[in-house]
Structures are given as C-alpha cells and as structure tokens.
Amino acid sequence: MNRKMVLLAKLLILTTLVTTISVTSRANEELMMQQCHNSDNPTLCLRCLNSDPTSHEADKVGLARIILKCINSQLLILTKNTSTLGSQHYRNPKAAAAWKHCGLGFSTAKRGVGEADAHLITGDYDKAAYDVSVKVVNPPASCRNSLETLNIQVPSSFRYHMDVYLALTQALLRIVDRF
C-alpha cells in the first residue's frame, strides 16, 4: 500500500511539473506573439525571438534584448559588406565617400546598440528608445538614402540585410514604447 502511495505521489508531482512547464511555455509564446504583433513584420520579429533559446523564459525586457542581439547580428553583416563594397568603389570618389559614410554610421549604430542594451538592463526605457531611434536607426537610414541619392548599385543581399535591420529596429521601438 505504501509503495502505491509513493508511486502515486511521484506521478502527481511529475504531472504537475509537466503541466506547469507546458503552461509557462505557452504563456511565453503568447507574450512573444503579443510583443511582435504591433510590428510591421511580426513574422520576422518572431523568427528573431525564436532563434534565441532563452526567449521562452524571457520577460518583455528580455525579449527586447533578444531583438537587440538580432539587430547587432545584422549590423555585423552590414558592416562587413560595407567595407567590401567600399573597397570596390575606390575609383569613384562619391561612391567611396558614401560607403565610408555608411561605415561610420554603422559604427555609431553599434555603439547605440550597446547603449540601448545598457538602458534596457537598468530600466531606463525612454533612453533606450532614444538610443534606438537616433543612434541605431538613423545612421543606417542615412546610409540607404545616400546610396539611393547617388544611384549607387547596391547588391540585393545588402538591401535585404538593410531591410531586415530596419524592420527589427522598428519592432524593437514598438516593444520598448509599450513598456
């Protein structure tokens, strides 16, 4: 009889644990969907969040920081591409200057990502939003405008990464604005 009770108690504890984990996971999935819902590209936002294994345990701030990591990843790709593309345009001074401008802008954006992350950690969400909108979004947007104004041919992969970058920054701003 005691054995049956012990076995039944263990089964009850295991069932409670599995149910709790399942409910928590569903709640976090719902939080992720809720946070990405207001972005212009919810699918991209969710893809970014799902790419991080810690996202299912994260709160709103944690989710914002994960999106910031995705933004930083895109920024690294753009920086590398900018350097390569800039070196290919050394014979065209205007194009070379535009690519140099882009590289400097991406450096500013990288610092802005770090500053925004620090503000998210300390709970200063207004400063985080400011850093994202001014230091993270503006330099790459300015880069895009400069390249378009000069009619510089930009590879589709660069445009794609720029679009992803700007969509993620927009999603991050929408999330931080709701804190």
Side-chain angles (χ1 to χ4, degrees), residues 20-85 99 102-148 154-179:
T20 303
I21 290 171
S22 176
V23 168
T24 303
S25 179
R26 245 182 277 129
N28 286 343
E29 188 74 31
E30 194 167 308
L31 176 63
M32 289 166 49
M33 291 173 66
Q34 188 180 62
Q35 293 303 304
C36 290
H37 173 74
N38 291 324
S39 71
D40 289 340
N41 193 334
T43 304
L44 179 64
C45 179
L46 286 169
R47 192 176 310 147
C48 164
L49 292 176
N50 283 319
S51 72
D52 191 304
T54 64
S55 64
H56 295 284
E57 299 146 14
D59 60 2
K60 289 179 183 181
V61 174
L63 295 177
R65 292 187 69 215
I66 291 169
I67 292 175
L68 209 50
K69 287 180 192 175
C70 292
I71 290 168
N72 193 53
S73 293
Q74 291 299 312
L75 190 57
L76 293 174
I77 293 167
L78 289 167
T79 301
K80 181 180 177 203
N81 288 345
T82 299
S83 177
T84 302
L85 292 167
W99 286 112
C102 289
L104 293 172
F106 291 141
S107 293
T108 300
K110 182 130 178 78
R111 282 190 305 278
V113 166
E115 291 170 12
D117 191 40
H119 292 308
L120 286 172
I121 291 169
T122 61
D124 197 343
Y125 306 125
D126 289 338
K127 284 186 180 177
Y130 175 82
D131 285 338
V132 171
S133 64
V134 172
K135 298 177 182 175
V136 179
V137 175
N138 285 350
S142 175
C143 167
R144 174 189 264 177
N145 292 340
S146 294
L147 296 172
E148 288 174 359
V154 178
S156 60
S157 62
F158 185 84
R159 280 194 308 273
Y160 169 78
H161 288 292
M162 182 70 84
D163 290 344
V164 169
Y165 176 90
L166 292 172
L168 288 171
T169 57
Q170 181 271 338
L172 179 61
L173 279 172
R174 297 258 173 105
I175 290 170
V176 172
D177 283 345
R178 288 194 313 271
F179 285 166

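The shown structure was predicted, so the numbers you read here are calculated from the model rather than taken from an experiment. Any value given below was found using the heavy atoms of this structure, including those in side chains, with hydrogens, waters and symmetry copies removed.
By the 4.5 Å heavy-atom criterion applied to side chains, Tyr165 and Val136 are counted as neighbours. Side chains of Ile175 and Lys60 form no contact here, defined as non-hydrogen atoms less than 4.5 Å apart. When side chains are defined from C-beta on, Arg144 counts as touching Leu166, because their heavy atoms get closer than 4.5 Å. At a threshold of 4.5 Å between non-hydrogen side-chain atoms, the residues Val137 and Leu173 count as touching. Between Met162 and Gln74 there is no side-chain heavy-atom pair separated by less than 4.5 Å. Side-chain contact check for Cys70 versus Ser51: some heavy-atom pair is nearer than 4.5 Å. Between His119 and Asp131 there is a side-chain heavy-atom pair separated by less than 4.5 Å. You'll find the side chain of Asp177 stays beyond 4.5 Å of the side chain of Tyr125, heavy atoms only.
Looking only at distances, a side-chain donor or acceptor of Gln170 sits under 3.5 Å from a matching main-chain atom of Asp40. Looking at Asn50, its side chain does come within 3.5 Å of a backbone N or O of Leu46 through a donor-acceptor pair. At least one donor-acceptor pair under 3.5 Å links the side chain of Ser55 to the backbone N or O of Leu49.
Considering Leu44, Leu75, Leu68 as possible partners of Leu168, the one that fulfils the side chain to side chain contact (heavy atoms under 4.5 Å, CB included) test is Leu44.
Classification of Asp117 and Lys69 as a salt-bridged pair fails, no side-chain N sitting under 4.0 Å from a carboxylate O.
Atom-to-atom distance recorded for Tyr130:OH and Asp124:CG is 13.0 Å, nearest 0.5 angstrom.
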Derivation of the side-chain contact (heavy atoms from CB on, under 4.5 Å) call for Ile71 and Val132: CA-CA 10 Å; Ile71 290 168; Val132 171; 5.7 Å; no

Worked verdict on Arg111 versus Lys135 for side-chain contact (heavy atoms from CB on, under 4.5 Å): CA-CA 8 Å; Arg111 282 190 305 278; Lys135 298 177 182 175; over 6 Å; no

Worked check of side-chain contact (heavy atoms from CB on, under 4.5 Å) between Lys127 and Thr122: CA-CA 10 Å; Lys127 284 186 180 177; Thr122 61; over 6 Å; no

